[in-house]
Colleague: 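I have a structure here, written as structure tokens, and I will follow up with some questions on it.
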Amino acid sequence: MKDEPSRTLPVVVGVFLPLVLALALGLSPRHQGLTAALQRARKAHNPESIAGALMTILAVEPWRGDLWEPLGNAEQDRNNPETAAAAYENAASRDRLSADGQYRLGEVYLELEETGSTIQAWLGLIAQGQAERSLYLQTAFLLRSDGDITGAVDVMEAWLLEWPDDAA
């Protein structure tokens with residue numbers, strides 16, 4: 001009976017230790033077939049296939065924060081604003097939404113007639129100094145249309161600070 005614990009130790013070390021280390025290091029198995037399908041879809045420039053491949057990967061690996069924004073892009077390209085908004089929001093909740101993704105999220109909100117959400121998304125870009133000139137105008141227009149004259153003036157003042165020599 002004394003030999004049983006000595007046989008169990010190599011099993012624990014050989015099987016469980018690598019699993020514990022993989023979890024601690026954040027390593028996970030990748031499904032190469034899924035990644036290959038995504039690459040083929042991207043090469044074909046097919047938003048339908050891209051979205052399908054991304055959704056399949058995310059069903060298996062939902063922690064992949066790097067894939068939520070591309071899913072939002074594909075869904076927006078497929079004219080699925082609700083799904084696109086959910087994907088962009090998921091990317092944002094994981095701090096994986098780029099400035100372009102945040103702009104596109106605002107566009108999706110605008111398509112969904114959620115003006116307040118559009119304004120908030122775009123004001124975030126303006127506050128971060130990542131907005132293009134035209135975004136200031138669009139945001140100020142939306143604020144003015146929403147009846148927030150003070151907010152529109154604040155955006156225009158921020159625009160003047162960013163581009164003091166702009167004649168417009």
Side-chain angles (χ1 to χ4, degrees), residues 23 25-28 30-31 34-35 37-39 41-168:
L23 287 173
L25 295 173
L27 302 176
S28 64
R30 300 281 178 192
H31 298 277
L34 299 177
T35 304
L38 176 59
Q39 290 171 348
R42 284 181 171 161
K43 283 182 184 178
H45 302 288
N46 183 337
E48 191 89 19
S49 298
I50 293 170
L54 288 167
M55 285 191 279
T56 302
I57 293 170
L58 287 167
V60 176
E61 301 175 354
W63 58 85
R64 294 282 308 271
D66 61 314
L67 298 181
W68 288 103
E69 183 177 336
L71 177 59
N73 295 342
E75 290 295 346
Q76 188 177 13
D77 293 345
R78 292 176 59 201
N79 295 316
N80 291 330
E82 294 89 0
T83 310
Y88 288 134
E89 289 165 355
N90 203 317
S93 73
R94 297 167 187 275
D95 292 326
R96 298 299 298 258
L97 190 63
S98 69
D100 181 58
Q102 191 168 347
Y103 173 75
R104 291 183 72 157
L105 174 59
E107 287 182 321
V108 168
Y109 284 144
L110 196 57
E111 188 175 341
L112 294 170
E113 298 180 4
E114 295 179 20
T115 308
S117 296
T118 299
I119 291 168
Q120 291 307 308
W122 290 350
L123 283 176
L125 285 173
I126 291 169
Q128 296 165 17
Q130 296 184 352
E132 294 185 16
R133 179 182 171 272
S134 63
L135 191 65
Y136 286 82
L137 297 173
Q138 289 175 291
T139 306
F141 175 78
L142 289 174
L143 286 162
R144 185 170 172 250
S145 297
D146 234 20
D148 186 356
I149 304 301
T150 304
V153 168
D154 290 344
V155 168
M156 296 310 293
E157 286 176 348
W159 178 29
L160 285 172
L161 288 173
E162 189 71 29
W163 290 282
D165 297 329
D166 193 337

Colleague: Can you give each donor-acceptor pair under 3.5 Å made by side-chain atoms of residues 141-154, sequence neighbours left out, with the distance rounded to 0.1 Å?
Modeller:
unit_1	atom_1	unit_2	atom_2	d
Ser145	OG	Phe141	O	2.9
Asp148	OD1	Gly151	N	2.7

Colleague: Just to verify, what does Asp95 make a side chain to side chain contact (heavy atoms under 4.5 Å, CB included) with, not counting sequence neighbours?
Modeller: none
Colleague: Do the side chains of Arg133 and Trp163 get nearer than 4.5 Å, heavy atoms only?
Modeller: yes
Colleague: Going from CG on Asn80 to CG on Leu71, what distance comes out if it is rounded to the nearest 0.5 angstrom?
Modeller: 9.5 Å
Colleague: Looking at Leu112 and Ala85, what are the two nearest heavy atoms and their distance?
Modeller: CD1-CB, 4.2 Å
Colleague: Tell me the ring pair (Phe, Tyr, Trp, His ring centres under 6.0 Å) pairs involving residues 88-115, sequence neighbours left out?
Modeller: Tyr103-Trp122
Colleague: Flag the pair Leu54 / Arg64 as yes when at least one side-chain heavy-atom distance between them is below 4.5 Å, and no otherwise.
Modeller: no
Colleague: Return the CD to CG distance between Glu89 and Leu97, rounded to the nearest 0.5 Å.
Modeller: 10.0 Å
Colleague: Can you establish whether the number of heavy atoms outside Glu132 located under 6.0 Å from its atom CD is more than 12?
Modeller: no
Colleague: Can you list the residues that meet the side chain to side chain contact (heavy atoms under 4.5 Å, CB included) rule with Ala158, with sequence neighbours excluded?
Modeller: Ile126, Tyr136
Colleague: Just verifying a value: how many Å separate Leu67 CG and Met55 CE, rounded to the nearest 0.5 Å?
Modeller: 12.5 Å
Colleague: Distance from Ile50 atom CD1 to Asn73 atom CG, nearest 0.5 Å?
Modeller: 9.5 Å
Colleague: Output all residues satisfying side chain to side chain contact (heavy atoms under 4.5 Å, CB included) with Met156, sequence neighbours left out; order by chain, then residue number.
Modeller: Leu137, Ala140, Trp159
Colleague: Would you confirm whether Glu75, through its side chain, and Ala87, through its main-chain N or O, come within 3.5 Å as a donor-acceptor pair?
Modeller: no
Colleague: For a quick test of reading the model, state the closest non-hydrogen atom pair linking Pro81 to Val108 and the distance between them.
Modeller: O-CG1, 3.0 Å
Colleague: Could you tell me whether the side chain of Thr139 and the main chain of Ile119 form a donor-acceptor pair under 3.5 Å?
Modeller: no
Colleague: Can you measure from CG (Asn79) to CD (Glu111) and round to the nearest 0.5 angstrom?
Modeller: 6.5 Å
Colleague: Side chain to side chain contact (heavy atoms under 4.5 Å, CB included) with Gln128: which residues, sequence neighbours excluded?
Modeller: Gln102, Leu125, Gln130
Colleague: Could you pull out the closest heavy-atom pair between Ala84 and Gly72, with the gap in Å?
Modeller: CB-O, 3.5 Å
Colleague: If you round to the nearest 0.5 Å, how far is CD of Glu69 from CG of Asn90?
Modeller: 12.0 Å
